[in-house]
Amino acid sequence: MSRPQPLSGFPELLPRQRIVELQVVDHLRRAFELHGFANLQTRAVEPMDQLLRKGETSKEVYVLRRLQADDRDTSDAELGLHFDLTVPFARYVLENAGKLNFPFRRYQIQPVWRGERPQSGRYREFWQADIDIIDQGELPAHYEVEVALVVADALRDLPIPAVRMHVNNRKLSQGFYQGLGIADTEEALRIIDKLDKIGADAVAKLLIDTVDATPEQAEACLKLASISAADTSFVDEIRALGVTDPLLEEGLNELAAVVDAAAKAAPGFVVADMKIARGLDYYTGTVYEVFIEGQEHLGSICSGGRYDELASDGKHTYPGVGLSIGVSRLLVPLLQSGALDATREVPTCVLVALANDDDRAAATGLAQRLRGRGIPTQVSPSAAKFGKQIKFADKRGIPFVLFVNDEGTQIKDIRSGDQVTIDVDAWNPPAEDLHPTIVTA
RNA sequence: GUGACCGUAGUUCAGCUGGUAGAACGCCUCGUUGUGGUCGAGGAGGUCGCGGGUUCGAGCCCCGUCGGUCACCCCA
């Protein structure tokens, strides 16, 4: 059995699924460009020290090596495939700082790679659609609202279930833990993040065992994590817990500003949620996670945050804020379950039938006239029986077959069976048939 | 990296206490001799993931291996 087997974690789509994915990506592009984001493409590889600069993500990185590399040859810096688009972007900004105009906004839609064991909704190669705004020295807080609203726009009108963005602020959580007297606030954050998965009791136990929290401190952490609100009412709720800390205060003010502005601009999309802790460890303030409503257990389909220190050459710092939509995570499950599909598996709108093989030149001419007016057309592969040529179209979902016969030039809608004489230079398919479209189950 | 479960036509699956391979759908042909879909008849397609072992005999039992799914870790 030499037939290749699929490789787990490297999803590949069928043509009709890819049509859906392409249209979704086009939609995202349009939304990003409407907000003035310029596109950027960065190389697939980064030096390992760049990738590992922040945090212990090392085991997630695929390392690249030349087959002929000599063991003793250390002249080539070790290279790894990028695991997100933010780290390469930060590197790119530093590298091109002199040629870019700040604040700089860009979007990037590319594959990323993570060397982890795949499971449902988690892949080793997947696509991200990333937007970021980076400034020089200082990054105004209003950009934290803007990127959230761009994502709200981008995800609107997509044929996907309703989504909601949960927002928190790392200063708020870590300031709270700090004010409470917990030393390892990073680890506390990580534990709180497991709340939905393992439950409150297990989290409390972990806090007590791992970061030496007292039962009372653990209780307070859980109380904080339970707070969420679609408006700024969370501020008073948190203050009522009686913990004071300058960092907490800063976080409260920042989060309140983001939630307030977002609630006005996109009512119902953003909710402050104190148990949001995740994201890569370079985030320093606001953090975002977007979930499919009612499907929170599937994980976030988009996440991001503010990072003040990621892009820094020691002399200049370029703080940024951005969000990354997990295109594969969002679409692959919907495609594989059949919840999303395309109306056909080819772009072709018209198949030109062939009465006999000598007619191919004439048929090609007709096809070219249709293409000249933007109608995707292909000529039948052979002058087989007309029944077979119609079946060829039917199997691919091509809606129209063009015949040249005694009646003249006729077009048949193979769904209805209607066949009418047309003028090739004037006929147009219904707008919804010109290109494949997305259908939801 | 750790653990659990699973690998049989293109696909989804069945296959009894071990006795030499099945269904449905899909595909091809014909009925319908150049206008499909329905219906009917016929047909092609499998070294049962791979390697070894036990046995007179293995899809089935044992060992190994590769692959897949899920969970942990981490994250989109």
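Throughout, a chain's letter reflects where its sequence line sits, starting with A, and its residues are numbered from 1.
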Return yes if the base of [N] and the side-chain atoms of [X] contain a donor-acceptor N/O pair under 3.5 Å, otherwise no.
X: A:E116; N: B:A76; value: yes
X: A:Q389; N: B:U35; value: no
X: A:D394; N: B:G37; value: no

For atom [atom1] of [X] and atom [atom2] of [N], their distance in whole Å:
X: A:I325; N: B:A76; atom1: CD1; atom2: P; value: 13 Å
X: A:F392; N: B:G37; atom1: CZ; atom2: C1'; value: 17 Å
X: A:D193; N: B:C74; atom1: CG; atom2: P; value: 9 Å
X: A:I411; N: B:U35; atom1: CD1; atom2: C1'; value: 14 Å
X: A:L206; N: B:C72; atom1: CG; atom2: P; value: 13 Å
X: A:I390; N: B:U35; atom1: CD1; atom2: C1'; value: 4 Å
X: A:L85; N: B:A76; atom1: CG; atom2: C1'; value: 10 Å
X: A:R396; N: B:G37; atom1: CZ; atom2: C1'; value: 16 Å

Set of ring pair (Phe, Tyr, Trp, His ring centres under 6.0 Å) partners for [X], sequence neighbours left out:
X: A:F176; answer: none
X: A:Y92; answer: none
X: A:F291; answer: A:H166

Contacts of type side chain to side chain contact (heavy atoms under 4.5 Å, CB included), residue [X], not counting sequence neighbours:
X: A:P333; value: A:Y123
X: A:P111; value: A:W113, A:E125, A:W127
X: A:R369; value: A:L366, A:V424, A:D425
X: A:A229; value: A:D231, A:S233, A:F234

Quick one: label [X] by what it contacts on the DNA or RNA (base, sugar-phosphate, nothing), any heavy atom closer than 4.0 Å.
X: A:K194; result: sugar-phosphate
X: A:G387; result: sugar-phosphate
X: A:I301; result: sugar-phosphate
X: A:I398; result: nothing

What does the list of N/O pairs under 3.5 Å between the protein and nucleotides 27-30 of chain B look like, with a distance for each?
residue: B:U29; atom: OP1; partner: A:K388; partner atom: NZ; Å: 2.5

Determine whether the side chains of [X] and [Y] contain a donor N or O and an acceptor N or O closer than 3.5 Å.
X: A:Y107; Y: A:E33; result: yes
X: A:S228; Y: A:D273; result: no
X: A:N169; Y: A:E254; result: yes

Between [N] and [M], how far is it from one [atom1] atom to the other, in whole Å?
N: B:C16; M: B:A76; atom1: C1'; result: 47 Å
N: B:G43; M: B:U12; atom1: P; result: 26 Å
N: B:C48; M: B:G7; atom1: C1'; result: 10 Å
N: B:C61; M: B:U55; atom1: C1'; result: 10 Å
N: B:C25; M: B:U32; atom1: P; result: 24 Å
N: B:C62; M: B:A24; atom1: P; result: 32 Å
N: B:C73; M: B:G19; atom1: P; result: 44 Å
N: B:G31; M: B:G37; atom1: P; result: 13 Å

If a stem is a run of at least 3 consecutive Watson-Crick or G-U pairs, both distances under 3.5 Å, which stems include RNA chain B? B:1-7 with B:66-72, B:10-13 with B:22-25, B:27-31 with B:39-43, B:49-53 with B:61-65
A:D308: side chain to side chain donor-acceptor pair (under 3.5 Å) partners, not counting sequence neighbours: A:T284, A:R306
Closest-nucleotide mapping onto RNA chain B: is A:N405 or A:S300 further toward the 5' terminus? I mean the 5' end. A:N405
Under 3.5 Å, which N/O atoms of the protein pair with N/O atoms of nucleotides 68-70 of chain B?
residue: B:G68; atom: OP1; partner: A:S8; partner atom: N; Å: 2.3
residue: B:U69; atom: OP2; partner: A:S8; partner atom: OG; Å: 2.2
residue: B:C70; atom: OP1; partner: A:S120; partner atom: N; Å: 3.2
residue: B:C70; atom: OP2; partner: A:S120; partner atom: N; Å: 3.0

Going by centres under 5.5 angstrom and planes under 30 degrees, do the aromatic ring of A:Y123 and the base ring of B:A76 stack?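 It does not: the ring fails the test against the base of B:A76.
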Just to confirm, is there a sub-4.0 Å distance from OP1 or OP2 of B:G36 to any side-chain nitrogen or oxygen of A:K412?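 For B:G36, OP1/OP2 do not have a side-chain N/O of A:K412 under 4.0 Å.
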On the nucleotide B:A76, are OP1 or OP2 found under 4.0 Å from the side-chain N or O atoms that A:S324 carries? no
Measure the acute angle between the ring planes of A:Y62 and A:F10, then classify it against the limits of 30° and 60° as parallel, tilted or perpendicular.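 If you compare the ring of A:Y62 with that of A:F10, the planes turn out tilted.
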For the residue pair A:R105 and A:F37, would you count it as a cation-pi contact if the rule is NZ or CZ under 6.0 angstrom from the ring centre and within 45 degrees of the ring axis? yes
Listed partners of A:D184 passing salt bridge (charged side-chain N to carboxylate O under 4.0 Å, His left out), at least two apart: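 By the salt bridge (charged side-chain N to carboxylate O under 4.0 Å, His left out) rule, A:D184 matches no residue at all.
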